Amino acid sequence: MPEPTTLQHFIGGKPTAPAAGEYFESTNPATRRPLYRAARGNATDIDRAVTAATAAFEDPRWRDLSQTRRGHLLRRLGDLIAEHAEELARTETLDNGKLLREMRGQLATLPEYYHYYAGLADKIHGDVIPTSDRRVLNYTAREPLGVVGAITPWNSPLTLTSSKLAPALCAGNTVVVKPSEHTSASVLRLAELALEAGFPPGAVNVVTGFGAEAGQPLVDHPGLAKISFTGSTATGSRIASAAAGRFIGSTLELGGKSPNIVFEDADIANAAMGVVAGIFAAAGQTCIAGSRVLVHRSVHDELLERVTARARAIRIGDPLEETTELGPLAFADQRDKVAGYVDLGREEGARVLTGGRATDGGGLGGYFYEPTILVDVDNSMRVVREEIFGPVLAVLPFDTEEEAVRIANDTEYGLAAGVWTTSLSRAHRMADRLEAGTVWVNTYRAMSPMSPRQGFKTSGVGVEHGTETIKEYTRLKSVWINTGEEPVADPFTMRS
């Protein structure tokens with residue numbers, strides 16, 4: 001077997017060896033075979049990356065670039081991603097086990113993030129504010145913050161990095177990315193493509209490594225103007241505290257335990273497919289997974305029968321194969337975590353209707369886990385309240401709309417929710433009453449770079465996607481100019 005490739009950090013526009021000379025191994029989760037060795041970053045590497053990003057931010061080649069030209073660079077980066085879509089899709093599939101056909105779908109739409117923000121780049125502006133004295137001009141301007149730190153997870157490295165990188169660059173910032181130690185390769189390749197697109201060296205930097213060794217030094221670095229993080233609520237809470245203590249901004253997309261609610265008037269066949277897609281797509285490794293299904297008691301058995309039959313028929317195997325429907329979990333600890341939660345559910349009194357076992361993926365030897373459905377559960381159980389991040393579905397019956405709302409909102413999370421109904425009035429009522437930043441009706445997991453996403457409660461702080469996120473990556477300045485020849489303010493009251 002050939003030696004695995006060695007990947008370096010990407011700092012100041014070039015591959016950079018780790019300061020400590022240490023590397024760690026990344027494996028293919030479908031086979032457990034080594035994929036590559038990646039640089040093991042530390043505080044020194046982070047400091048080098050922030051220094052490079054600071055120099056790029058202050059460099060006239062970036063600082064004085066017009067907003068329209070920034071847009072041109074973003075569009076070129078999107079085009080390069082499209083040109084390298086197959087390469088990037090395969091890289092992610094090998095790294096985290098997502099289905100290749102799913103990754104091809106993601107890569108087909110990923111350039112839209114950059115094209116969207118390319119068009120937005122020269123539409124970032126302030127306002128002229130009326131004053132009581134027409135000799136005084138007051139206007140506002142939006143300015144870039146400086147160096148943005150981005151810490152991204154392993155489940156969708158390119159997509160979740162792009163949701164931070166594209167608006168940050170659009171607003172004129174420079175960026176240091178610390179990807180998950182489980183999925184470094186595609187983000188490093190993205191940084192190379194940014195340089196090829198024409199972004200100046202240091203505008204996009206990537207330091208690979210572990211959270212305690214590289215992620216925490218990034219959060220704590222005094223040269224950082226903002227931190228953007230996607231990951232667990234526990235880690236997000238610590239990052240928020242650190243950022244608040246230094247008076248810098250933070251955007252946090254965190255955990256979820258999203259309800260997928262099926263009413264008695266729903267198209268049950270469509271709802272069943274939506275439930276399956278909501279939890280078993282991406283092997284449940286998504287923060288918006290519809291991991292709690294609330295179903296009206298009158299259609300409970302019919303829906304459960306359909307969902308169970310489809311879950312049992314899901315084809316588990318090599319994510320590179322077109323016929324595979326469920327790939328592995330991303331790494332061993334994650335599979336152990338999922339298995340541990342299912343065992344906990346049994347202890348709590350839940351019944352495993354289907355699944356509930358680890359598997360080797362038909363001889364591949366990777367970190368696979370069967371699609372699992374838990375019944376005889378209630379909303380007090382840990383398997384219903386805590387984020388599992390795997391292909392595990394908990395099914396709860398309800399009798400009334402009021403009860404459905406109560407159960408759905410009885411959670412610390414508020415990231416997303418699904419509603420299945422043919423009643424337009426009920427759809428609007430539920431959208432209004434559900435405590436979730438995104439509500440889907442008769443669909444699930446629909447996303448667009450144009451549509452803002454925000455987590456409620458412990459599911460996050462700040463907005464990603466859409467025009468709203470530009471506020472997260474800029475600061476607002478108010479400018480007052482006396483256009484007359486005489487003073488216009490009372491020196492004692494300062495009232496114009």
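Residue numbers start at 1 and run along the sequence shown. Model, not experiment: these values are computed from the prediction.
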**Study point:** Donor-acceptor pair between Q8 and T16 side chains, under 3.5 angstrom
**Key:** no

Check your understanding: Will you find, in the side chains of K226 and S250, an N or O donor that is under 3.5 Å from an N or O acceptor?
Key -> no

Review point. So, are E58 and R61 salt-bridged, with charged N and O less than 4.0 Å apart?
Key: no

Check your understanding: Can a salt bridge be assigned to the pair D432 and R429 using a cut-off of 4.0 Å between side-chain N and carboxylate O?
Key -> no

Check your understanding: When you check the side-chain N and O atoms of K164 and T230, is any donor under 3.5 Å from an acceptor?
Key -> yes

Practice item. Could you tell me whether K457 and E435 make a salt bridge, using a distance below 4.0 angstrom between a side-chain N and a carboxylate O? Key: yes

Point to revise | Side-chain donor-acceptor contact under 3.5 Å, T6 with R37 | key: yes

Review point. Quick one: do the T421 and N442 side chains pair a donor with an acceptor below 3.5 Å?
Key: no

Review point. Which pairs pass ring pair (Phe, Tyr, Trp, His ring centres under 6.0 Å) with one or both residues in residues 73-112, sequence neighbours excluded?
Key: none

**Study point:** ring pair (Phe, Tyr, Trp, His ring centres under 6.0 Å) partners of residues 192-229, not counting sequence neighbours, each pair once
**Key:** F24-F210, W62-F199

Exercise for review: Could you verify whether a donor N or O on one side chain and an acceptor N or O on the other, from T159 and S162, lie under 3.5 Å apart?
Suggested key: no

Review point. Just checking, any donor-acceptor pair under 3.5 angstrom between side chains of N96 and E92?
Key: no

**Study point:** Residues E325 and R315 bridged, charged N to O under 4.0 Å
**Key:** yes

Review point. Is it the case that T469 and E464 place a side-chain donor and acceptor less than 3.5 Å from each other?
Key: no

Check your understanding: Is the NZ atom of K471 crowded by more than 12 outside heavy atoms at less than 6.0 Å?
Key -> no

Practice item. Answer yes or no: is there an ion pair linking E322 with R104, defined by an N-O contact shorter than 4.0 Å? Key: yes

Review point. Should the pair K257-E412 be classified as a salt bridge under the 4.0 Å nitrogen-to-oxygen rule?
Key: no

Revision key, fill the gap. Applied to residues 437-459, the ring pair (Phe, Tyr, Trp, His ring centres under 6.0 Å) test, sequence neighbours excluded, yields W440-Y444

Check your understanding: Is it true that the side chains of T68 and D122 contain a donor and an acceptor less than 3.5 Å apart?
Key -> yes

Review point. What pairs of residues pass the salt bridge (Lys or Arg N to Asp or Glu O under 4.0 Å) test when at least one of them lies in residues 142-155, not counting sequence neighbours?
Key: E143-R475, E143-K477

Ignoring hydrogens and angles, write down the donor-acceptor pairs under 3.5 Å from the side chains of residues 200-207, residues two or more places apart or on other chains.
from, atom 1, to, atom 2, distance (Å)
N205, OD1, G12, N, 2.8
N205, ND2, V175, O, 3.2
N205, ND2, G202, O, 2.7

Check your understanding: E386: what forms a side-chain hydrogen bond (donor to acceptor under 3.5 Å, both in side chains) with it, not counting sequence neighbours?
Key -> Y341, R382

